[in-house]
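A short write-up of the structure that comes next.
Below, chains carry the letters A, B, ... as their sequence lines are ordered, and counting in each starts from 1. We use all heavy atoms of the structure for the numbers below, so side chains are in, but hydrogens, waters and symmetry mates are not.
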There are 2 protein chains.
Amino acid sequence: MAPAKSAKKKSKAPLVFQSPDGKSSPHPDLDTLVQQTIARVADKWTLLTLEALDQHGTLRFTQLAELVDGVSQKMLTQTLRQMEADGFVTRTVHPVIPPKVEYTLTALGRSLGEAFCSVWTWAEKNYKAIEKARVAYRERPRISR
Amino acid sequence: MAPAKSAKKKSKAPLVFQSPDGKSSPHPDLDTLVQQTIARVADKWTLLTLEALDQHGTLRFTQLAELVDGVSQKMLTQTLRQMEADGFVTRTVHPVIPPKVEYTLTALGRSLGEAFCSVWTWAEKNYKAIEKARVAYRERPRISR
DNA sequence: TATGTCAGTTACTACGAGGTAAGTAGCATG
DNA sequence: CATGCTACTTACCTCGTAGTAACTGACATA
C-alpha cells in the first residue's frame with residue numbers, strides 16, 4: 001500500500017527536519033549525512049578492527065587477522081582499505097621481503113574509538129537486561145492466538 | 001551474519017582475551033556477548049527508529065513510517081518487533097477501528113539513545129573530516145601503477 | 001630447484017537481507 | 001455494496017555481501 005518509493009516522495013516534504021523544538025539541522029542534509037556516517041562506521045569488521053588497534057597500538061596484517069576473530073583476508077583487506085580511505089588508520093608499507101605492512105589508528109580513528117566507548121559500556125551494563133527482556137517477551141501471555 | 005565457524009577454529013588460541021593490560025573480561029565470553037549486543041543494536045533501521053522515537057516521544061505506526069525515511073512496512077514491523085522483544089520499546093494496542101498502535105521508548109531504550117548520543121555527536125563533528133580524508137585518499141599520489 | 005613467508009588479489013559461489021506488492025480484518029462512510 | 005482507513009502478514013524475487021580457496025610476487029633459505 002505505502003511502498004518505500006511513494007514514502008520517499010512523501011518525505012521530500014521535510015517532515016524529518018521539522019523537529020518541533022527547532023533544534024534541528026542548519027541545513028536539511030545534516031541528518032542524512034550523520035546517518036550515513038554512522039551506517040558506515042557501525043560495521044562489524046570496522047568496529048572489531050578499531051577495537052584491536054585501539055588496544056594494541058600498531059599491528060601488522062597477520063596480527064590483525066588473528067586478533068579480529070573470524071575475519072577473512074578478503075574482508076580484513078577491504079575493511080582496512082575503507083578505514084584508511086576514511087582517515088581512521090594509517091597504512092605503512094616497509095619495502096622489505098617478505099612484505100611488512102603496519103596499521104595504526106589516526107587521531108580521528110582514536111576519537112571514534114572513544115565515541116564508541118559509551119556504547120561499549122552501555123552494552124556491558126545492559127546485555128543482561130536485554131536477555132531478560134527477550135525471555136519475558138517469549139514467555140509473555142498472549143491474549144489470543 | 002556470523003557463520004565464520006571454520007575461521008573460529010583458527011582463533012582457538014584466545015588471543016583476543018589476553019589483553020595486555022589485564023583489564024579484560026572476567027570470563028572469555030563477555031567480549032563476544034558485548035559484540036553481539038552491539039551488532040544487534042547498530043542496525044540501520046533500529047538506529048533510525050530509535051532516533052525518531054527519542055525525538056518525538058510516542059508515535060503511531062504510520063507516523064514512524066513517515067519519519068523513518070525509506071523504510072518499508074515490512075522492515076518497520078520487523079524492527080519494531082525486535083526492539084520490543086529486546087525491551088527498547090513498548091507497544092500499546094488500542095482496540096479501536098481503524099486500529100491504533102502506539103510505540104514509546106522504555107527506560108532501556110532511552111539509555112541506549114543516550115549511549116549512541118556520543119557517536120551521533122562524533123559523527124556531527126567529524127563527517128567533514130571523513131569527507132576530506134576520502135578526497136585526499138582519492139587524489140593521493142600513487143608511487144606505482 | 002623447491003619451499004616458505006607476508007600481504008594481499010581474484011574468481012566463484014551461496015546465503016539471506018530486504019524490496020515489492022498483494023492480501024487480511026473490521027467497521028465507517030458515501 | 002464498494003471503497004477506505006490502519007496496521008499489519010505473506011509470498012515472491014532480486015541483488016549484494018561475504019565466505020572459500022586458489023593464485024601472485026619477490027626474495028631467503030635448505
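- Using modelled atom types, one finds no donor on one side chain facing an acceptor on the other under 3.5 Å when comparing B:Thr49 with B:Thr79.
- The overall bend of the helix from C:dT1-D:dA30 to C:dG30-D:dC1, read as the angle between its terminal helix axes built from five base pairs each, is 30° when rounded to 10 degrees.
- For the pair B:His94 NE2 and D:dC8 P, the interatomic distance rounds to 12 Å; values are reported in whole Å.
- Residues passing the salt bridge (Lys or Arg N to Asp or Glu O under 4.0 Å) test with B:Arg110: none are found, sequence neighbours excluded.
- Residues meeting the side-chain contact (heavy atoms from CB on, under 4.5 Å) test with A:Glu114, sequence neighbours left out: none.
- Look at CE on B:Met75: it is 15 Å from C1' on D:dT10, rounded to the nearest Å.
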- Task: Would you give a per-nucleotide map of nucleotides 4-13 of chain C, 5' to 3', where B means the base has a protein non-hydrogen atom under 4.0 Å away, S means only the sugar-phosphate does, and - means neither?
- Result: -BBSBB-B--

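- In this model, no donor atom of one side chain and acceptor atom of the other lie less than 3.5 Å apart for A:Gln82 and A:Gln78.
- Taking B:Asp43 as the reference, B:Thr46 meet the side-chain hydrogen bond (donor to acceptor under 3.5 Å, both in side chains) condition, with sequence neighbours excluded.
- Minimum interatomic distance between B:Ala52 and B:Val68 (heavy atoms only, all atoms of both residues): CB-CG2, 4.3 Å.
- Per the geometry, CD belonging to A:Gln78 stands 14 Å off P belonging to D:dG16, to the nearest Å.
- The CG atom of A:Leu76 sits 14 Å away from the P atom of D:dT20 (whole-angstrom rounding).
- Residues forming a side-chain contact (heavy atoms from CB on, under 4.5 Å) with A:Thr37 (at least two apart in sequence, or on another chain): B:Trp122, B:Ala123, B:Tyr127, B:Ile130.
- Note: NZ (B:Lys44) to P (C:dG16) measures 21 Å, nearest angstrom.
- Side chain of B:Thr58 to backbone of B:Thr104: no donor-acceptor contact under 3.5 angstrom is found.
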